[in-house]
Structure formats: C-alpha cells, structure tokens
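Everything below concerns the one structure shown next.
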Amino acid sequence: MIKVALAGQPNCGKSTIFNLVSGIHQHVANYPGVTVDKKVGRFDYKDKKIEIVDLPGTYSFSSYSLEERVAKDFLYDESPDIIVNIVDASNIKRHLYLTFQLLEIGIPVVIVLNMMDVASRRGIYIDAPKIQEMLGAPVVCASGAKGEGGEAIMEAIVLAYQQKEQYQNFKINYEELEAFIHEIEAEIAEVNVPLNRRWLAIKILEEDKALVEKLGDNFTYLQEKAKACEERFHATYDKDISAFLAAIRYDSADVIFHKCVKVTKSHEETLTDKVDKIVLNRWLAFPILLLVMFLVYELSIVYGYKLTDYTWPLLAMFKNFVIDILPEPDLIRVPMMTDLSIWMVNSAIALINYIPIFFILFALIAIMEDVGYMPRLAFILDKVFKKFGLHGQSTLPLVLGGAMVGGCAVPGVMSTKGIADERARMATILAVPYMNCLAKVPFYTLLLGAFFKEEMGLMMFYISTVTLFIALIVSKLLTSTVLKNRETAPFVMELPPYHLPTFKGVIIRSAQRVWVYINKVVTIVLAVAIVLFAMLQFPGLSEESQQKYDEKIVQALSTFDTKVKKSSYYERVDTKEEVSALINYYDNYKAKRMVVSGAEGAKSVDESFLKKDAKLFIFVKPENDKDAKMINSALRQISNVRKDVLRQIKNEKIENSFLGMVGHSMEPVTQFAGFDWKINVAFLSSFAARESAVATLGSLYENNKADSKRAEEAMYENSGYTPLHAVAIIIFMILTPPCIATMIVVKMQSNSYKWMFFAIFFPITLGVIISSFLFSFGSVAGWSGVEAMSYFYVVVVFLALFLGLIPNRQNGWLGGFKHKSS
Amino acid sequence: MHLGELRKGQKCTLVNIHGAGKLKQKLLDMGFIFGVDIEVVREAPLYDPMELRIQNYLVSLRRNEATLLEVKVL
Ligand SMILES: Nc1nc2c(ncn2[C@@H]2O[C@H](COP(=O)(O)OP(=O)(O)O)[C@@H](O)[C@H]2O)c(=O)[nH]1
Ligand SMILES: [Mg+2]
C-alpha cells in the first residue's frame, strides 16, 4: 500500500482534491489526543492500493500552531511514502514557501498546481515543466473544483512511488547558516530515524522542542546547543535564525516565480477585491452580516423546523410500529418492557428529529467556510468579541447556539473547531451552552402561558436576548480566571479569495458532521435515557397503593358489567380478559384516529381496525345499533377511569422514585429559589433531552380529572406558584446546564472530562444562587414577576457592558511587546 | 513608525518585527519578512483589526499586534 500525505496551505483546495481522488471512500477520525480532524481516504489505481491522509492546512512547518504540530507529528511518526503538496496556482509565490519546507523533509513530493482555472482567468501563466525541472519534483496541473486533474495526480503518485529509490534529497543552500547545520547534523548522525538528518538539524536550529523530545532523552542537550547557535549566529550576522530561514525560503520561491510564471494582466482588480468592497464596507458590513446570519437562521432553524413536519410523521410511524409489536397492558398493569421501549423510542426520536435542522446547518456552514466568508465574519466582529475574551470567529458558534429565538448548542460547540486562539476557543465552547436552546422554548411557553399571559411578548424578548449577555459575561469571567493562562493567538488571519464551493464537497462535509452527531451523541444519550428511566421507575408503588388502584379498577369493571348486562352482545364482554382487550382496542383506535386527518385517513383506520377484529369494531363505532351503543358508552367511561388511574400511578411512581427522592432531598436548598420537588424532578429528568421537562411537568400537573384542560391552565391552577416562582424557574432554566448531547460535544471539543464537568456544575451553581437571590429578595420586597425579570435583565446587561471595558491580557504572543514597554 | 499608526490606503515596507516567539514565527510564515511591501487595504468597520495586502494576498491583523511591526512609509 502506498501511504500518501496531502499537505498544503489553507484554502489551496486540499479537501477538494482529497474528495476528487478518494471519492466517498473516506472516514474521519481525530489525530491522537487532539480535536483536529484526520480524514483518511482509500482508493485503488492501477492495481496499487493508495491510502491518502488529509493533513491540516498549515502555512509553515514550525511547530507553533496545533495544526502544524499535528501535521509534523504525522510525517514524523507515520513516515508516509509520498507527500502530495497542493499549491494554489493563482497565488503561487506564497504557497511555494511551504513547498520548500516539504521538499527538505526527505520524502518524495508531488506538486499539484491547483486552481489553474483561477490562474488563467487572472492572466497567470505557469511553466510547469520548468518548475518540475528546477525543483526535481513532478508537477501536475489541476482544477479541483472542476474535477480536472484527479487521474494525473494518481498517475504521478504511483510513478513517484515506483521511482522512490532514485529520489535524491532536495537541498536549499542556506549560506551563512550552513556551518551551523553541519554542526548539528554531526551531533545526530547516529539517531535511528527514517527522516532526513539535514531536515532534523534545521528543525533543531529552529528550536523545535517537540521534535528534539522525539529524539529521546539522550538528545535533550541539543536544545541548549540550538540556543547557543542562535546567539552565535546573531552575534556574527545580526540576524535571527528564524527570520533568516524565512527570508531564504521566500527568496527561493521568488526565484521560481520569476523564472516560471508570467503575469499578463497587470494589477487588475480581482473579483475578491470587488466583493470585499461591499462585504467589508464600513456601512454595509453589519447589515450584510445580519442578513447572512438571518438567512442561516431562517433556512436552518425555521425552515429546518418546518421540514421536521415532514420527517416527524415518519418518526411517529416508527413509534407506532414499535408500540404495535409491544405487549399490551392488562388493565392498569403495564408491562415494564412496554414502558421502557416507549421511553427509549421517545428519547431517540426527540434527538433524531433534529437531523434535518443539523444537516441544513452544517451544509450552510460548509458553504460559508468554502466561500471564504468565515474569516470575514471574524474580521468584522473581532473588536466586540475580543473585549469578552472571545474571538471574531466566535460569532458563528454563538449564533448557532441561539442568538435569536432559539438555536442548538450542539452544532454551536461543534463549530468552534476552527478558532485559532486556544483561550477564545475554550471560552466559546463553555459560553455557547448559555445561549437560548430551542428545546427550552416550549418550557418557557408553558410557564409564560400559565403566569404571564399579558406580558408574554416582553418576557420572551427578555429571555431570548438576555442569553447573549450571560454568555458574554461567562466568557469574560472564565477568560480572566480559570482560562487566564491559556494560549492566545495573534489575529494574523488570511482573508482568502472568494471561491464557489462544490456541491460534492459541501454534501460530504455536512454528512460527515451529521454522522458524528448520530454516532457519538445519540448513542450516549440513549444510554443515559435508560438510567433515567430506571431512576424514575424504581422502587415503584407500595403494596397498599397497588391494592388501592386494583380496587378502583375492579370497581370500574363491575360498574361496566352492570351497565352492559342487558346488551345482546354481552357474551363478547363478559370476562375480565375480554374487557381488557376491548379497552386496549378502543384506546388504540382513538390514538390512531388522532393522528390521521380527513375522511380518507379516517376510512383507512376504520378498515384496518375492522379487519383486525370485526366483532369488537361495532362497539367502537356502533352507528345505530342500540345494544352496541350501550357498550360503547360504558366503554368510554371505563377507558377514562383507566386513564385516570394510570396517571395517578405514574405520579405516585415518580414521587416515590429515586429521582423523586433526589428531588425531595434537594428541596431544602432549592426552596430559596421557590422550587418544589416537582420542578426539581422536571429539571433532573430533562437531562437527556430538554424536551422532557415539559412532558414531565405536564404530567405532574395534569389535574387528575380526565378533562382536557390545557397544560398551561392546569399548571396555573394546580401548582400554587406565583409569577415570581415562575421567574425563578425561568432564570434557572436559562442558566441550567446543557443537555447531555451538548455535554458530549463539549467533551469532544475541549478534549477533557474536567471541562465537561465544569460545564455542568458551574451553571447549576450560578442558577441556584441567582434564582434563590431573586426569589428570596423578590418575595420580601414584594416584586411582581415582570419586575423581577426586568431587574435581572437590566443588571445582566449592565454587568456585561461594564466587564467589556476591562481589558484582557494576551498571553505568550506578545512577548516582544512586554520586552519593549519594560 | 509602526504599522498600527497607518491608515487606509497607505503603503509601507517592513523594517523590523519587535515580537518574539510564536507571534514572530507566525508573522514570518505569513510573509512578513524584512523589506516586504505592505499596503493597508482597509480597516474593519469598527476600525480594528486592519486588512493588509502583502505578497499579493490579504491578511488581517489587530492593531495592537500591528504596533509591533516597525515600518517605513512609502
Ligand atoms: N475555481 C476553483 N475553485 C476551487 C478549486 N479547488 C478548490 N476550489 C474551491 O476553493 C474553496 C476551498 O477549497 P477547500 O478544498 O475547502 O480548501 P482547503 O482549505 O485547502 O481544504 C472551495 O470553495 C472550493 O470549491 C479549483 O481548482 N478551482
Ligand atoms: Mg480543507
């Protein structure tokens, strides 16, 4: 097998070429220990198996950034057979800077001049054979986005592999530095590595610590030696080694440029210049940015949500199918198996339901990345976010997390990957979960509907805008405390030329990200759902209660019996088993009728139930049959009694369950915030998926009369809460820790369980403290709900603005700055 | 004079980098080598960061980082 590493500077079209040669035979993993994507593709060409790895895009091979470290480690540890270096032909001089560093490594390099279409559009003519001759490396021309050049690249790889033995190491003459290189080379003459010693020597002179450590304990002295060399070099020539090397490499690139490239159209305004004049215009930049964010939001969250109207029936069908094959309840005894399965299916489809939204979202992100808008977004907003320890690149994660009416922290946290500044990246990961989660919205609606009917609009405005300020405050607090000493990065960011994305590239990337979600998130959430289920089920009902409910149903049975005795169909319903089956049949029928609409649908349900059991159907739909009507009315009654009893059982089970006990035991603390055990349980049970908070509260407050009161009214009448209670609950919900799905992506992106736990417990603490303070103080001061919320809002906004004024420290990168000012 | 003082449309050549370590290496790798021509293409809508054309491509730099680059205005 031929092992190939794909290297190149960012935006050279590396991923496009990768997709071109490997098709969809690719899989994504992480490089060991870090969160950088490692894409591996496999394909066959002329009986040769080829494995190609997409290295992260890097401008250089010094080991300062994570991407460079990862790329270099890969070359060092895996020693691939061939390096394919993608070069943006329209910007060849800068890209050759990296090419020279790759050539030095000692592994045969195949140079791919990509974006030839752009180059010729700009009147750039490149003499490829001449470059090939000058660099001693095969040069292939390609236009990845147009699908041109794939074949030639594979051909060149195979050829280079076959001629590997004849490969001669490439050397740049570093003039004044040569003596030093020879000196270090002599020191490492005995090291047993497959790489070029000259390259190692140069790296050591660049004070590449990581590399020296790889050589083993015997060579740590080389670090000292490199420092000594640097000092000597500086003393003799008054230059730094790093600046000297960079200058020579640029000069070399310049030589190639002048000998092999002709630019015919001199300094014409490019398309990128024209577009930037509008997109980055002082007055237009913000409106355009808002428009783009609005579109992203509208297309993914709003439109994607509408799309779930179409996918939801499919999921409901799946759910019904599962329910159909599960054992049916025997009056009030529901088999555990049935309960568990329904709970699991509900948890699963709550998450799967988001897939259309995520897919659209990821596709839009991929488009913005490929077009080149992302760095521009960062450019426009950096000044604001910098004040809160964030980065211009934090914009998108925050928007996805729910800058408007509601978003989702999962894609938000997942999109923090590209943030170059480590401290800002961590702060963003930890701040995004505070944004307004879409799944919390029904919960707010329930509470607002119950307690703030009049002021609903104002309250919703408070809720959805306060979240951004909270996120900013949190990130400011974290970056000036626990994250204070994290690495920061300078804002030296390329604004790449605009490119049209390829359909294939966008689809592949968004599908890969959705797959990560399904693979990592859904599976773990389901595991947690099982645990939660057990905690809500056990220890279950007490002996007496069970008896009490049994008696109720026995009584209902005998009432039913007396009512239907005179019916001519009596022998069809004269045993307990028959009645039980009939009630199930009736309830199933009602449930099915609920979900279909129109005469057509009703007819098909009727037909299927008629086919299932013609003898029972007549009691469900008695038409004008008097005797059947008699049974129908008794049936309706006993069905309602059963529903009622089942609900009571459920409530009692929850109250007695382990989770209920935990909820009770938390009351001493949470009472200051006005939370009773029911609210506590609702919060605890919503851990797997936010949606279940509403369901749990709904079922806890349903008045046990089986009328069809709306959940809002039921809550208002039965809970005994005041609007102030509701505000405390809402504020806690705003601050409440992320759902498990978010937690898993926080773990993935921060690569640490410590931060994951921090992301759980910090908001809980904050939430309890703030809600308690507001509730206790508000009770004494006699605030109304709206008053309390308004005070909270004003304080948060002012705090955020105030914190924004305190400057943040930049770490490490400004070493020279401190030097200068001291 | 340093790069941070320049306004939109001005051009200069790089004389020296007063940074060290990572920042310096990063700048070198992005093409900020001595003697190179730099043009301030525009400032961000909020005046920071600034967009530069260097070696025929576009790079953005925060003003406080730009103060580390000693330049000679052309
Ligand atoms: N016109 C043109 N665009 C290309 C070509 N190759 C890639 N692109 C586009 O350039 C952008 C960046 O490509 P990508 O493969 O993501 O670059 P990477 O950052 O190096 O992985 C995408 O929008 C591509 O569609 C090409 O040969 N010609
Ligand atoms: Mg890529």
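A note on names: the letters A, B, ... follow the listed sequences, proteins ahead of strands, and every chain is numbered from 1.
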Please classify the contact between B/Ile33 and chain A as side chain, backbone, both or neither, with a heavy-atom cut-off of under 4.5 Å. side chain
Inter-residue atom distance B/Phe34.CZ - A/Tyr250.OH, 0.5 Å rounding: 13.0 Å
Just so I understand: if I count every heavy-atom pair under 4.5 Å between each of A/Pro496, A/Ala378, A/Ser60 and chain B, which residue has the most? A/Ser60
What are the two closest non-hydrogen atoms of A/Lys383 and B/Asp48, and how far apart are they? CB-O, 3.6 Å
Between CG of A/Asp273 and CG of B/Leu58, what distance do you get to the nearest 0.5 Å? 6.5 Å
A/Tyr237 meets the ring pair (Phe, Tyr, Trp, His ring centres under 6.0 Å) criterion, sequence neighbours left out, with A/Phe233
Heavy-atom proximity to chain B below 4.5 Å, by part of A/Phe379: both
Looking only at B/Gln25, B/Met50, B/Glu43, the option with the highest number of non-hydrogen pairs under 4.5 Å against chain A is B/Gln25
Looking at B/Tyr47, is A/Arg282 sitting on its ring face, NZ or CZ under 6.0 Å from the six-membered ring centre and within 45 degrees of the normal? yes
Among B/Leu46, B/Ile54, B/Val41, which residue forms the greatest number of heavy-atom pairs with chain A at distances under 4.5 Å? B/Leu46
Where does A/Lys93 contact chain B at under 4.5 Å (heavy atoms): side chain, backbone, both or neither? side chain
Which of A/Glu494, A/Lys277, A/Arg94, A/Glu206 touches chain B most, by non-hydrogen pairs under 4.5 Å: A/Arg94
Top contributor to chain B interface from A/Thr272, A/Leu98, A/Asp276 [non-hydrogen pairs under 4.5 Å]: A/Asp276
Who wins among A/Asn281, A/Asp254, A/Leu245, A/Asp240 for the most heavy-atom pairs under 4.5 Å with chain B? A/Asp240
Measure the CE-OH distance between B/Met30 and A/Tyr97 for me, rounded to the nearest 0.5 Å. 10.5 Å
Say you draw a straight line from CD of B/Gln55 to NE2 of A/His95; how long is it, rounded to the nearest 0.5 Å? 11.5 Å
Looking at A/Tyr59 and B/Lys26, would you say the former's side chain and the latter's main chain have a donor-acceptor pair under 3.5 Å? no
Quick one: CG on A/Leu280 to CZ on B/Arg42, what's the gap to the nearest 0.5 Å? 5.0 Å
Atom of A/Asp382, atom of B/Pro49 and distance for their closest heavy-atom approach: CB-CD, 4.0 Å
